[in-house]
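Take a look at the structure set out below.
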There are 2 protein chains.
Amino acid sequence: MNLPTIQQLTYLVALADEGSFSRAADACFISQPALSAQIKGLENRLGQQLLERTSRGILLTHQGVQVVDRARALIRDLNDLVIEAKNDGDDLRGDIHIGAIPTMAPYLLPALVQSLRKHHPHSQLHLHEEQTHDLLQSLRYGKLDVGLLALPIEEPTLSSAVLAHDPFLVAMSSDHRLADTSSPISLDRLAKENILLLEEGHCLRDQAENLCIRSNIQPSDIQATSLPTLVQMVAANMGITLLPRSAAPIEARTGSGVMTRPLRSSNAGRSIGLIWRTSSPIGTYLTSIISDLSTLWK
Amino acid sequence: MNLPTIQQLTYLVALADEGSFSRAADACFISQPALSAQIKGLENRLGQQLLERTSRGILLTHQGVQVVDRARALIRDLNDLVIEAKNDGDDLRGDIHIGAIPTMAPYLLPALVQSLRKHHPHSQLHLHEEQTHDLLQSLRYGKLDVGLLALPIEEPTLSSAVLAHDPFLVAMSSDHRLADTSSPISLDRLAKENILLLEEGHCLRDQAENLCIRSNIQPSDIQATSLPTLVQMVAANMGITLLPRSAAPIEARTGSGVMTRPLRSSNAGRSIGLIWRTSSPIGTYLTSIISDLSTLWK
DNA sequence: TGGTTTGTATAGGATTTAGTTATGAACCTA
DNA sequence: TAGGTTCATAACTAAATCCTATACAAACCA
């Protein structure tokens, strides 16, 4: 079915208000014949005579009155739609789905959430914890809007920004023989130690493993399913591990039975970054978040 | 402000429903580039990105969801408007203003009203009593939709139809010396009588007066303000008068003190007719009324 | 890894729609 | 009867809309 145009309805309303074709045409800033043609078109589409043309102006038929009433409401609603849509511009609204990898979520998400809530108080945040691979997939499919993970990630459809560098610390039980001081320790000293790693799938595992390989260190074949578990194993003196500095305040807090020492003359670690679809408008709104967090985590 | 088009909103809704430009374009029976262009235009008008274009289809932004919701409602309302307007075709609806001249209203309006209510039960009838001149003016200005009056009336913007012929009867007091029989009476016999007429302004007066002049009869200079008054004067034996046959059943009913005799070999009288603006759609609906009444009053 | 499918965007041209001015006929008013 | 209304019509122009063809990117699949 061929629907009437909003324009036609607008003209009809003007015609009803002004009471004559010529005045209505002036009010609409178009010529009188143009208005005549549009009204005629509207009457044709509706299959109804909406008004009587008299020598003195116009008279609305009963159908005309009905249509004008509804048209007014319709135009008002359409205006509302536009206003509403235009207002919706200064901050993000609605649901934002945030994903974070498990080795970052507990330690870094709180600050991200805080910053987002500060800048975009009208949005509802939803938090998800996924490993990098799944997180990227969810991002591509629109299940997530932003991801917090380790960079670099090179993907044509995704954009990312580094927030901070997250150096690795050596974590060991407080009883461990290397725990006599908290001064930097060189990588060589770890060669004889039993190095515990996370299980496959965690990008942190890959990063730590790579570091070991590059330093000719053979890691243990015991694998932990999560960072807290890993730290528990360290606390139980089953070995030592490489712990991101960002996790230390929580995992190696005083009383945890675990202590950390930085690596000497090495900036081994991971990059903490945000990632999002390039096509998503969220990119625009993330700049302030990024500057917030990179300051905080400097 | 440049409002979005209903078409653009329709396309947006289709896009939201189908999830991809190509499928939505198919559903709308247009090409995919055409749809792309329209959606782009809509986004421009709203100043908002409504959706993300991904390699796999589309994702609605938060603004997109909002706009789609409102757009659905708008399209539904517009459809309602069309359906409502189209349905409004089989019978008349709403207010119909009917005017009748005072010498017809009491006797003929009831049947007209009955017929209108039968054929157009959804309309509200409003009755007005005006003399011909004012009635025609009200008709032209749209204050009335139909008039019941004496024809012929030749006006370029008005159409009319004759319903019946309404012959004049001679009305006299039952005590009158002509009241000895109810057989036809010739015009000549009235020459010596005192003929009472209505006051100026009533078309019935003009018609009766013309008949008198043509027949060389001098009417009385006493004038009645209304037909019932005139009949009262006749009953009081102040003279006789010419009474339309349509008024007789009421004005000269048994017990009224008045009786009537037809005119011999004369079809003097008036034509009962309907009149309306040619430009008014009511003309279409009047045909059945006209056939009703012309049968009834044959 | 290369071909196919499935997405969207862009370019150029045809068509339709909406607008213009000019003009005309009917009517009101002075 | 002249002049100013009214709306309608005609002929033309401008712009919006849509088409086909093409490009290009990503996902899929053998």
Side-chain angles (χ1 to χ4, degrees), chain A residues 2-12 14-16 18-45 49-60 64 136-137 139-142 154-159 277-280, chain B residues 2-12 14-16 18-45 49-60 136-137 139-142 154-158 277-280:
Chain A
N2 223 347
L3 284 179
T5 302
I6 284 295
Q7 199 177 26
Q8 292 176 328
L9 296 181
T10 309
Y11 289 168
L12 178 68
L15 187 47
E18 299 290 338
S20 104
F21 276 79
S22 0
R23 275 200 303 280
D26 283 349
C28 298
F29 305 107
I30 59 169
S31 67
Q32 170 263 314
L35 188 116
S36 283
Q38 288 303 312
I39 298 295
K40 191 184 288 180
L42 179 59
E43 286 183 323
N44 282 340
R45 290 196 186 184
Q49 185 178 341
L50 300 176
L51 35 93
E52 299 177 39
R53 286 94 167 145
T54 76
S55 63
R56 194 184 331 277
I58 59 138
L59 290 170
L60 285 176
L136 293 178
Q137 189 71 351
L139 208 51
R140 283 189 289 257
Y141 277 84
E154 294 298 336
E155 278 234 4
T157 58
L158 299 180
S159 301
R277 285 184 305 284
T278 310
S279 61
S280 161
Chain B
N2 223 347
L3 284 181
T5 303
I6 283 294
Q7 199 177 22
Q8 292 176 328
L9 296 181
T10 309
Y11 289 167
L12 178 68
L15 188 47
E18 299 289 338
S20 104
F21 276 78
S22 0
R23 276 200 302 280
D26 284 349
C28 298
F29 305 105
I30 59 169
S31 68
Q32 169 262 314
L35 187 116
S36 283
Q38 288 302 313
I39 298 295
K40 190 184 287 181
L42 179 60
E43 286 183 323
N44 281 341
R45 289 196 187 184
Q49 184 178 344
L50 300 176
L51 35 93
E52 299 177 38
R53 286 95 166 144
T54 76
S55 64
R56 197 182 327 276
I58 58 136
L59 290 170
L60 285 175
L136 293 177
Q137 190 71 352
L139 209 51
R140 281 189 290 258
Y141 278 82
E154 294 298 336
E155 278 233 8
T157 58
L158 300 180
R277 285 183 306 282
T278 311
S279 61
S280 161

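Side-chain atoms are counted along with the backbone in the values below, which use heavy atoms only and exclude waters and symmetry mates. Just so we're on the same page: letters track the sequence lines, and every chain starts at 1.
Put simply, CD on B:E43 is 13 Å from C1' on C:dT8, counting in whole angstrom units. What separates CD of B:E155 from C1' of C:dA26 is a distance of 13 Å, to the nearest Å. Look at CD on B:Q49: it is 14 Å from C1' on C:dT8, rounded to the nearest Å. Between the P atom of C:dA18 and the CD atom of A:Q8 lies a distance of 7 Å, rounded to the nearest Å. Counting to the nearest Å, the P atom of C:dT8 and the CG atom of B:D26 are 11 Å from each other. The CG-C1' distance, from B:L158 to C:dA26, rounds to 14 Å in whole Å. Going from atom CG of A:L136 over to atom P of D:dA27 covers 12 Å, rounded to whole Å. What separates CZ of A:F29 from P of C:dT20 is a distance of 12 Å, to the nearest Å.
Listed candidates were C:dG19, D:dC19, D:dT17. Nearest to the side chain of A:A34 is C:dG19.
B:C28 and B:A14 make their closest contact through SG-CB, 3.5 Å (heavy atoms, listed as atom of the first residue, atom of the second, distance). Of all non-hydrogen atoms in B:A16 and B:L60, the two that sit nearest each other are CB-CD1, 3.9 Å. Nearest heavy-atom pair across A:R23 and A:E18 is NH2-O, 2.7 Å.
In this structure, B:L158 and B:R277 have side chains that are in contact, with non-hydrogen atoms separated by less than 4.5 Å. Side-chain contact between B:I39 and B:Q8 is absent, with no heavy atoms from C-beta onward closer than 4.5 Å.
OP1 or OP2 of C:dG19 has at least one side-chain nitrogen or oxygen of A:Y11 nearer than 4.0 Å.
Along DNA chain D, the nucleotide closest to B:L35 and the one closest to A:R140 are compared, and the more 5′ of them pairs with B:L35.
Atom CG of A:L50 is separated from atom CG of A:L15 by 9.5 Å, given to the nearest 0.5 angstrom.
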Could you encode protein contacts along nucleotides 3-16 of chain D as a string, one character per nucleotide from 5' to 3', using B for base contact, S for sugar-phosphate-only contact and - for no contact, with a heavy-atom cut-off of under 4.0 Å? ---SBBBB------
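Remark: A:R140 engages A:Q137, A:E155 in a side chain to side chain donor-acceptor pair (under 3.5 Å) (not counting sequence neighbours).
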